Amino acid sequence: MTETVLRIEHVGVQFGGLVAISDMNFDVGQGEIVSLIGPNGAGKTTAFNVMTGFLAPTKGAVKYCGRDLRGLKPHEIADLGLIRTFQRTSVFPNDTVFDNVLIGLHRQSKLGLLAAILRLPGARASELAVRERAAELVRLVGLEARSHELAGSLSYGEQRLVGVALALAAQPKMLLMDEPVSGMNASETHTFVQLIRRIRDSGVTILLVEHDMPMVMSVSDRIVVLNYGRIIAEGPPEEIRTNPAVIEAYLGQSAKDVVKEVAAHA
Amino acid sequence: MTRVFSLVTLAFFASVPLWLKDPYLLNALITTGIFIIGAMSMNLLLGFTGQLSLGHIAFFGIGAYVSALTSLGYDVPIVGDFHIVHTPWPPIAGFALAVVISGLCGYLVGKLSFRVRGAYFVIVTISFAEVVRLVALNWVELTQGPLALTNIPSITIGLPYLGYLTLKTKLQNYYLVLAVAAVAYFLISRLVHSHYGRAMRGLMENETLAVSVGIDVTKALTLTAIISAAIAGAAGSLYAHYIRIIDPEVFAFISTVTMVIMVVSGGKGSLAGPVVGGVIFGLLPVLLRPVMAPEAQWITYGLVLIAILFVLPRGIVPALAPKLGFGRQPVKPKPVVVTELTAKEHA
Ligand SMILES: Nc1ncnc2c1ncn2[C@@H]1O[C@H](COP(=O)(O)OP(=O)(O)O)[C@@H](O)[C@H]1O
Ligand SMILES: [Mg+2]
């Protein structure tokens with residue numbers, strides 16, 4: 001494997017008595033697309049919250065580019081280039097799509113306060129560069145026709161794209177996406193898969209949480225399967241597809257019993 | 001369009017003394033103008049970051065006292081024979097110091113309260129204002145306590161070719177206040193249109209998302225608090241040198257309430273909001289006074305406020321600006337699906 005970008009070391013999370021993640025251990029290498037899958041409530045979003053500093057793990061550590069993220073605030077982690085999107089649609093609803101991306105580009109505007117207020121030389125150039133980049137990102141996610149509409153008035157699928165554009169605006173080295181295609185129709189999903197590939201090809205490492213199995217299978221280099229806060233399988237898509245533990249987790253105990261019963265009666 | 005409108009408005013305000021000769025009304029315009037500067041500074045926090053500074057008058061009052069004391073001088077015993085003695089400086093230095101010290105207080109209050117926000121900030125600012133009022137009331141050697149600081153000198157400014165000019169008349173003070181208000185408006189406008197302003201908007205609209213793209217909440221809010229407090233301090237300084245007598249009553253809670261009314265009625269989060277709300281609620285008492293008994297005046301004041309907020313809950317400017325072709329479009333409300341995950345992702 002190539003150089004490790006993200007290393008999850010024995011991470012555990014408890015909410016009171018509830019164990020959301022028991023012992024999570026996996027790596028993501030530079031330039032990979034890795035998917036983290038598992039039934040609802042398996043702990044995927046919780047894992048993202050830990051990786052991006054929104055939640056402190058009960059135990060274990062997250063290392064990003066060799067650096068322990070313990071104690072860093074979410075905005076500091078974002079500053080390191082580890083950026084996430086959210087499971088529920090998350091945009092700045094009262095701003096246009098274009099302004100959403102501009103807000104996301106905040107980190108890229110290195111202009112000092114005085115320079116910004118007095119519009120010192122350089123301020124204009126910096127603002128122009130930022131606007132140009134914003135337009136580019138809006139085009140990249142295919143929302144140029146919506147650029148000047150309020151983000152809150154877009155369809156859910158489109159809002160997810162705004163979320164991705166925002167995340168890209170923050171210039172990620174690694175991008176964590178939480179169910180990005182939920183709320184998208186088949187053709188939107190298809191376009192989105194191409195977008196993910198393009199993002200990866202530009203050098204961004206990707207960790208994906210997704211329920212859409214055909215999409216996960218087609219886009220991932222590797223899949224990590226989580227069930228009840230525990231990793232039950234890890235490997236390339238073709239291996240995961242036929243892994244009995246995974247099938248059981250997904251079909252559930254009852255379904256398995258049904259299968260057995262049917263077999264017995266046959 | 002917006003810029004032209006701002007300039008026309010400025011020109012209009014500049015023309016007022018040319019046709020309004022009544023000194024009583026001019027006086028009302030000056031004090032109203034000073035409070036509008038205060039309201040603009042409050043709007044920067046309330047309207048652009050969502051933080052309500054219910055002790056905002058503290059920054060105003062600190063500016064007033066700092067400026068007055070700097071230009072009056074003082075001799076304060078600290079321990080035993082040790083005194084701190086300050087010989088009077090020109091009022092303009094007092095103005096500058098008022099801006100700096102008030103800004104510093106904004107920094108302290110911000111640092112103290114912005115780790116936890118919302119209600120906590122409201123409480124910290126109210127408490128801060130009360131503490132400062134008690135200091136002004138009880139540190140008699142410095143502030144004269146309830147006896148007030150009197151004979152505060154008028155501001156003297158140096159003008160190219162004209163030499164030094166002491167602004168004693170109402171006319172001169174009107175233009176001074178107008179100039180400071182215009183500068184404050186300009187600064188706030190530039191700030192909220194810069195990427196700092198975008199960070200503030202982001203925080204207010206969706207803090208979790210803003211943080212996730214690398215916006216530092218505490219830093220953005222503290223920075224805003226500093227600038228807001230500094231502008232309030234400038235207004236306080238103008239007040240001290242215009243009225244020329246101040247006592248701990250400058251810290252009265254009702255003054256903060258007046259600013260809130262100006263901001264909310266005019267429209268928080270719009271640059272022109274505090275100006276519109278300020279003109280209405282600054283001048284209303286003055287206009288009502290000759291025609292009504294005091295009780296009726298306050299009832300009318302309250303009724304006007306209720307009427308405005310009832311008809312235009314977002315304030316006058318946000319409701320009217322789009323109709324006149326300015327500003328952003330009104331928000332189309334979108335049903336927000338709140339799932340159980342909402343709480344989790346905030347965790
Ligand atoms: N802030 C929280 N407080 C209490 N329980 C939580 C919290 N966040 C998540 N959980 C619980 O942790 C488990 C994992 O949730 P989550 O990570 O959202 O799962 P997934 O994203 O895989 O569907 C669930 O049982 C959920 O109810
Ligand atoms: Mg989830």
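None of these values were measured; they are calculated from a predicted model. These values consider heavy atoms only, across backbone and side chains, with no hydrogens, waters or symmetry-generated copies. A note on names: the letters A, B, ... follow the listed sequences, proteins ahead of strands, and every chain is numbered from 1.
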Heavy-atom closest pair, residues [X] and [Y]:
X        : Y        : result
B:Ile215 : A:His75  : O-CB, 3.3 Å
B:Tyr196 : A:Gly112 : OH-C, 3.5 Å
A:Val91  : B:Asn206 : O-ND2, 3.1 Å
A:Arg107 : B:Val213 : CD-O, 3.8 Å

- Task: Could you tell me whether A:Glu127 and B:Arg190 make a salt bridge, using a distance below 4.0 angstrom between a side-chain N and a carboxylate O?
- Result: no
Is it the case that over 12 heavy atoms from other parts of the model lie below 6.0 angstrom from the [atom1] atom of [X]?
X        : atom1 : value
A:Lys59  : NZ    : yes
B:Lys268 : NZ    : no
A:Arg200 : CZ    : yes
B:Tyr107 : OH    : no

Region of [X] in contact with chain B, defined by heavy-atom distances below 4.5 Å:
X       : answer
A:Leu82 : neither
A:Ile77 : neither
A:Thr52 : neither

- Query: Do the non-hydrogen side-chain atoms of A:Leu102 and B:Arg201 ever get within less than 4.5 Å of each other?
  - Reply: no
- Note on the structure: Interface check, chain A: of B:Leu209, B:Leu223, B:Val211, B:Leu187, most non-hydrogen pairs under 4.5 Å belong to B:Leu209
- Item | Top of B:Ser194, B:Ser212, B:Ser189 for chain A proximity - count of heavy-atom pairs under 4.5 angstrom | B:Ser212
- Got a second to check how far B:Met204's CE is from A:Asn94's CG, nearest 0.5 Å? 8.5 Å
- Spatial distance of atom CZ (A:Arg84) from atom OG1 (B:Thr208) [nearest 0.5 Å]: 9.0 Å
Residue among [options] with most heavy-atom pairs under 4.5 Å to chain B:
options                      : value
A:Leu166, A:Asp79, A:Ile83   : A:Leu166
A:Lys73, A:Arg119, A:Glu76   : A:Arg119
A:Ser109, A:Pro172, A:Ala167 : A:Ser109

- Task: Under the side chain to side chain contact (heavy atoms under 4.5 Å, CB included) rule, what do A:Ser126 and B:His195 come out as? Steps first, then yes or no, please.
- Result: CA-CA 10 Å; A:Ser126 155; B:His195 69 99; over 6 Å; no
